[in-house]
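Here's the structure we're looking at; comments come further down.
Here is how names work: the chains are called A, B, and so on, in the same order as the sequence lines, proteins then strands, and each is numbered from 1. Atoms considered below: every heavy atom in the structure, side chains included; atoms not considered: hydrogens, waters and symmetry mates.
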Amino acid sequence: MPMLDIKNLTLEIDTGTSRVKALDKVSLTVNSSEIRALVGESGSGKSLIVSAISGSLPSNWHITADRMSWQGQSLLSMSSAERREVMRRDIAVVFQHPISALDPSATLGEQLEESIPDEFVEGSWFWQRKQSRRSTAISTLHKVGIKQHQQYLSAYPHQISTDIGQKFMIAMALISQPKLLIADDPTRGMETTTKTQLLKLFTRLNQTKALAILFVSHDLLAIASMSHTMTVLYCGQTVESGNMKHLRKRPLHPYTKALLDSAPSFRNDLPPKSTLPTLPGTIPTLQHLPIGCRLGPRCPRAQRDCVITPVVRRIHDHNYSCHFPLHMEKL
Amino acid sequence: MIRYTTLFVLTLLVLAALSFSLAYLFPGDVLVNLTGITPQNDIQRSALIQQYRLDQPYIVQFAFYLQQLVTGNWGYSFISGLPLRNEVAIALPATIELSAYAMLIAVIVGVPLGCYAGLRSYSTADYAINTGSILSYSFPVFWLALVFILVFSLELGVAPLSGRVSLLFDVPHRTGFVLLDILLADGINRKLAFTDALHHLLLPTLSIALISTAAMIRLTRRSVIDVLNRPYITAARSRGLSKWQIFFRHILRNALLPILPLMAMQITTLITNAMIVETLFSWPGIGNWLIQAIYQRDYPALRIGMLAVSSVVITLTITIDLINRLIDPSREKFERATV
Ligand SMILES: Nc1ncnc2c1ncn2[C@@H]1O[C@H](COP(=O)(O)OP(=O)(O)OP(=O)(O)O)[C@@H](O)[C@H]1O
Ligand code: SF4
Ligand SMILES: [Mg+2]
């Protein structure tokens, strides 16, 4: 049974005048101790999924789902206290923009230490507990590659650089020893060496601590080397998902193929906020969504039937939604 | 720090220049307007002109005026003939005392209510608080004070009509703040005097505080709602922190920091309102004193009174801004180090 199981998640956003379907019947699962990649162009709704899972939503967002469960418990119907407990102990989220996700008026140390679950803190007197918190914080910082902990623990968010902020967010996520880590573009804009370090840390935690990771990224090379499974998102719809190896060898959906082709031999990152070189046009905005298959206007294989939304089809554990998939003959 | 000092000194200079020019702008004899002394004969007159450098260029006159201000020679009241400095020293603390208690009430009541309304925004409780605050914000303070007098003093008789403390108590003037003076006084029943002074304070303080409280509620509510929509609150929730942790560690500080400078602006309104209310309650403050001066065309008193009030307002505003800069961590470190 998957740990995180999301089926047909629909997210509608009230924009004052109209209501747009920012996510349309998205399905996503994360099994225990797997690394699942979530990919798609900029604006395809990856961060929206992350927010939907993390639970604290603006009042103009409306979520419906056939199933959205964590270890068998429904996230949508549980009480807010239970929900908070899940977020406190089991699921940790690294949001996309680290600096804005940090409280500007509190030191980084305070924010890191408050994320430590009470049951990890040793000692019965407050100074012992303080001591214990501090040492947990420092060791976690070392883990994510921040060596000058003295300097950064007492710094405020506006005083640090973006990549320190990213590492801090990762430290804050890992400090509660979660079962699932959701990382939204955690390595964006980092230097290659730092990036490699972090990805190694992720892989190691995945192997030694059985940490499941939902890895949102534009970095196809990193994704290909560390993920076990992949879900491809386009314009708020899941277009294909399955085993990483199968997807790479034989993508069934034209969008997945275009995405993979855009990074020849996986050497280049998929640059954020740019058009795919292998696919004409750009991703439509939420206000002007095409009917039926949302890829229609850009798809090289589109035919008349594509104005009807394709249903999800399944071959083994490989899901796709396309009327005219590629490579069918080889399956 | 240097920036603040320059700002402060420059503003005070401008104010002094303004009050100096008033001596020329007010009708009547410049000499009398400036000194408050009416010369008895020509000899005395020319002596005074010499003494105040009125026969010399304006700039020298102004320099002398400044020197006099700094050394504490503020001229004499036209009417009572007393030194203005002593009169201001009695009247100004009374106003400051009134405003301070009103501000205290505004903060103690306004901030929690505003937070509550902000956290429960668009709920029934929020609408109720909001309506209440808009309503009390739109009452003219003059009218409000009159209604209070009518209801509480005249009808119900729970509070005295005017003054600071009953004449039965002979409270010597020490600090100028009546509650403090009572605590410092000897030979009177301090407890009775204290209760009596509180009774006297009740209505004027409430009439000013109501409007400031309403302003505080609205400021705090807006700010809390703003902070609630920030991504770091979402992030804090996603870490599973409890409501109280989020409120005290992340919302409160971030909501209060931006409204501190706005509170400074409230002080101006507050003192103006205090001065209006004083006249109604015969509170011996600077507002009352200035009104008397206007009635009696006591130009020297007007000149100094205005200077004193505006100096107090400027000092408070700049101090609050300075404090805000010192405690707001998102201002740059080196910036803070230089202050
Ligand atoms: N709060 C919001 N209100 C309205 N629309 C939003 C909101 N947040 C995001 N969107 C829209 O939802 C779509 C998906 O955005 P999202 O941030 O999830 O993309 P993404 O896949 O994370 O992109 P990137 O790779 O650049 O991070 C975009 O078209 C965006 O304009
Ligand atoms: S359904 Fe049609 S338009 Fe959509 S991806 Fe498949 S072929 Fe292209
Ligand atoms: Mg994103």
Side-chain angles (χ1 to χ4, degrees), chain A residues 47 50-61 80-108 110-118 151 154-160 165 168-169 172-176 178 182 184, chain B residues 111 115 117-124 126-127 220-221 223-261 323-339:
Chain A
S47 299
V50 173
S51 303
I53 299 171
S54 80
S56 139
L57 305 175
S59 55
N60 60 338
W61 289 21
S80 59
E82 288 171 316
R83 174 86 201 216
R84 197 168 67 229
E85 193 57 23
V86 169
M87 295 312 295
R88 190 174 75 88
R89 287 311 319 276
D90 296 343
I91 305 181
V93 185
V94 176
F95 287 98
Q96 192 167 13
H97 302 287
I99 303 286
S100 65
L102 290 166
D103 181 342
S105 71
T107 63
L108 296 172
E110 281 172 57
Q111 301 188 54
L112 184 58
E113 283 170 29
E114 77 181 0
S115 314
I116 306 173
D118 280 338
Q151 178 191 344
S154 53
Y156 287 94
H158 70 278
Q159 295 166 329
I160 57 170
F168 241 96
M169 288 308 290
M172 267 160 93
L174 294 178
I175 208 164
S176 60
I182 300 175
D184 193 349
Chain B
V111 169
C115 284
L119 290 175
R120 298 258 183 297
S121 55
Y122 308 113
S123 69
T124 329
D126 176 37
Y127 281 123
T220 318
R221 172 179 180 273
S223 189
V224 166
I225 292 179
D226 273 355
V227 170
L228 278 177
N229 289 328
R230 296 286 165 81
Y232 54 81
I233 299 298
T234 316
R237 286 207 187 105
S238 83
R239 274 181 272 143
L241 301 185
S242 74
K243 274 201 193 102
W244 290 111
Q245 280 176 318
I246 292 179
F247 177 71
F248 283 111
R249 296 210 188 135
H250 300 297
I251 296 178
L252 195 59
R253 194 166 19 181
N254 285 302
L256 290 186
L257 277 177
I259 61 175
L260 212 61
I323 293 175
N324 186 43
R325 176 167 284 254
L326 285 173
I327 60 177
D328 187 349
S330 62
R331 309 269 192 126
E332 275 305 326
K333 257 266 151 62
F334 65 87
E335 236 184 330
R336 295 201 291 149
T338 56
V339 237

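- In this view, A/Glu85 and A/Arg88 satisfy the side-chain hydrogen bond (donor to acceptor under 3.5 Å, both in side chains) rule, not counting sequence neighbours.
- Residues A/Ser59 and B/Tyr122 are not in side-chain contact: their nearest non-hydrogen atoms beyond the backbone lie 4.5 Å or more apart.
- In this structure, the separation between CD1 on A/Ile53 and OG on B/Ser238 is 11.5 Å, given to the nearest 0.5 Å.
- Here the rule is side chain to side chain contact (heavy atoms under 4.5 Å, CB included) with A/Ser105, and of B/His250, B/Arg253, B/Arg249 only B/Arg253 fits it.
- Taking chain B as the reference chain and counting heavy-atom pairs below 4.5 Å, the highest number among A/Met172, A/Met169, A/Glu114 is found for A/Glu114.
- The shortest side-chain heavy-atom distance between A/Pro104 and B/Asn254 falls under the 4.5 Å cut-off.
- Looking at A/Ala92, there are no atoms closer than 4.5 Å to chain B (heavy atoms on both sides), in backbone or side chain.
- Taking CD1 from B/Ile233 and CG from A/Asp103, the interatomic distance works out to 6.5 Å, rounded to the nearest 0.5 Å.
- In terms of heavy-atom pairs under 4.5 angstrom with chain B, the leader among A/Ser54, A/Ala81, A/Ser100 is A/Ser100.
- The shortest side-chain heavy-atom distance between B/Ser242 and A/Arg84 falls under the 4.5 Å cut-off.
- Here B/Tyr127 pairs with nothing under the ring pair (Phe, Tyr, Trp, His ring centres under 6.0 Å) rule; sequence neighbours left out.
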